[in-house]
Amino acid sequence: MSNKIESIAVLTSGGDAPGMNACIRSVVRAAIAQGLKVSGIERGYAGLLNEEIREMDAHSVSDIIQRGGTILYTARCMEFLELEWQKRGADILRERGIGALVVIGGDGSYKGALALARQGISVIGIPGTIDLDIACTDYTIGFDTSVNTAMEAIDKIRDTSSSHERCSIVEVMGRSAGYIAMACGIATGAEEILVPEMYDGDEQAIINRVIANRSLGKKHHLVINAEGVGHSASMARRIEAATGVNTRATILGYLQRGGSPTCRDRFMASMMGVKAVDLLISGKDNRVVAAREGRLVDVDIEEALVMQKNLPAGWVRTSKLLTR
Ligand code: ADP
Ligand code: F6P
């Protein structure tokens, strides 16, 4: 980055995640404290193209650290996949003297940021998604709140499931990744955890375990099913028909995206926001902030987008040893 940046903007994009507000607050306050002007762009890339841009001060982010959702709103914007609109987005920022953009979102949002980088805007990505599915980082803002919310809901389902001696299938979010399902499944002591990375479709094995557990006197059978496996309702009908055990499916849905962020999400969001501003001030751009082995690091955005990651081996082993 050759020119010193004096004015930056921040937006949230893709699915919202608890802790995004804490991150916006961190970016705004860290920037102002170090002499930068900051603007908030509402509704992600859609708001950029519609010029829904407002200058923010320290007070604009008061009283939001504890709130779920995002005060900047979020959107999915298909136009932004087209070069013409990416150029327009960069021009809008330049016309306003905004030299750098901090994007809080998932890897789809990082692709939008990379498109702007190719048009000469300095960008920094911050991982914000409940799904934990960004390869370059061990942590994404929103995951911790989401799994805690889901865990509490699953505990409640387990109570009623035990009382009625039922089998319960609980479907959790995660898009095509099984991180949420795996974490919730381990934390709730589920009998089965089905994740897209590993589930081979062997429903008969589940049926056999339901029958075996019944004969051992187990009162419930809890199946945590990832959104990426899906079909929870029809799976419940088939398990009930094959086992004679009353089976219900619950899809937790959007409740996993809301709510007041946990301490961990607020803390990580605050740390990551400061790191993003520090990167811009030190002249490093087109990077994404990542948590690796307990430290915050930064990774080139293009490299980040081609990285792959798998469910941690320790999670897989623990789930295999503890589910039955
Ligand atoms: P997430 O950021 O949570 O992965 P999405 O995949 O929905 O969410 O992406 C959010 C937004 O990022 C999209 O609606 C679009 O505006 C932008 N985006 C996604 N992919 C691209 C791409 N290939 N090029 C430019 N912009 C993109
Ligand atoms: O990325 C977060 C997430 O909640 C995924 O778990 C889910 O697949 C998706 O967003 C749902 O998106 P939408 O809000 O468009 O229904």
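We count ligands from 1, going down the list as the structure has it; atoms in each ligand are counted the same way. Treat the numbers as computed from the prediction; the structure is a model and nothing was measured.
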Give the residue, atom name and distance (to 0.1 Å) of the protein heavy atom nearest atom 21 (C) of ligand 1. Lys111 CB, 3.6 Å
Only heavy atoms of Gly15, strictly under 4.0 Å: list the atoms of ligand 1 that pass. 3 (O)
Shortest protein contact, atom 19 (C) of ligand 1 (heavy atom only): Gly108 O, 3.0 Å
How far is atom 25 (C) of ligand 1 from its nearest protein heavy atom, and which residue and atom name does that atom have? Phe80 O, 3.2 Å
Would you say Asn225 and Ser232 are linked by a side-chain donor-acceptor pair, where the criterion is simply a distance under 3.5 Å? yes
Counting from 1 in the order shown, the ligand 2 atoms closer than 4.0 Å to a non-hydrogen atom of Tyr254 are 13 (P), 14 (O), 16 (O)
Heavy-atom nearest neighbour in the protein, as seen from atom 8 (O) of ligand 1, with distance rounded to 0.1 Å: Gly14 CA, 3.5 Å
Looking only at side chains, do Thr70 and Thr12 share a donor and an acceptor under 3.5 Å apart? yes
Before signing off on this row, confirm whether Gly106 and ligand 1 have an N or O atom pair separated by under 3.5 Å. yes
Number the atoms of ligand 1 from 1 as they appear, then name those within less than 4.0 Å of a heavy atom of Gln86, with their elements. 24 (N), 25 (C)
Which residue and non-hydrogen atom of the protein lie closest to atom 5 (P) of ligand 1, and at what distance in Å? Arg76 NE, 3.9 Å
Of all protein heavy atoms, the one nearest atom 26 (N) of ligand 1 is Gly112 CA, 3.3 Å
Heavy atom of the protein closest to atom 6 (O) of ligand 2 (residue, atom name, distance): Asp131 OD1, 2.7 Å
Heavy atoms only: which of Cys77, Gly128, Ser13, Gly89 is nearest to atom 16 (O) of ligand 1? Cys77
Please determine if Lys111 forms a cation-pi arrangement with Phe80, meaning its NZ or CZ atom is less than 6.0 Å from the six-membered ring centre and no more than 45° off the ring axis. no
I need the atoms of ligand 1 closer than 4.0 Å to a non-hydrogen atom of Tyr45, numbered in the order shown. 12 (O), 16 (O), 17 (C)
Looking at non-hydrogen atoms alone, which of Met173, Arg76, Arg175, Gln256 comes nearest to atom 12 (O) of ligand 2? Arg76
When you check the side-chain N and O atoms of Glu192 and His221, is any donor under 3.5 Å from an acceptor? yes
For atom 9 (C) of ligand 2, what's the nearest protein heavy atom and its distance? Arg257 NH1, 3.9 Å
Assess Glu82 for proximity to ligand 1: is some non-hydrogen atom of it under 4.0 Å away? no
Can you tell me if Thr129 has a non-hydrogen atom under 4.0 Å from ligand 1? no
Could you point out which residue of Ser163, Ser162, Ser161 forms a side-chain hydrogen bond (donor to acceptor under 3.5 Å, both in side chains) with His220? Ser162
In terms of side-chain geometry, is the basic nitrogen of Glu6 or Lys37 positioned less than 4.0 Å from the acidic oxygen of its partner? no
Going by the salt bridge (Lys or Arg N to Asp or Glu O under 4.0 Å) test, name the single residue among Glu51, Glu79, Glu82 that passes it with Arg88. Glu51
Ligand-side contact atoms (ligand 1) for residue partner Asp107, heavy atom cut-off under 4.0 Å: 4 (O)
If you count the atoms of ligand 2 from 1 in the order shown, which ones are under 4.0 Å from a heavy atom of Gly174? 6 (O)
Are Tyr254 and Ile180 connected in a single hydrophobic cluster, I mean Ile/Leu/Val/Met/Phe/Trp/Tyr linked by side-chain heavy atoms less than 4.5 Å apart? yes
Among side-chain atoms of Asn148 and Thr262, is any donor-acceptor pair under 3.5 angstrom? no
Should Lys275 and Asp278 count as an ion pair when the cut-off is N to O under 4.0 Å? no
Using the test side chain to side chain contact (heavy atoms under 4.5 Å, CB included), find all partners of Arg238 that sit at least two apart in sequence or belong to another chain. Glu203, Ser234, Met235
Counting non-hydrogen protein atoms only, what is the nearest one to atom 2 (O) of ligand 1? Give residue, atom name and distance. Ser109 OG, 2.4 Å
Geometric cation-pi criterion Arg76 and Tyr45, 6.0 Å radius, 45° cone: no
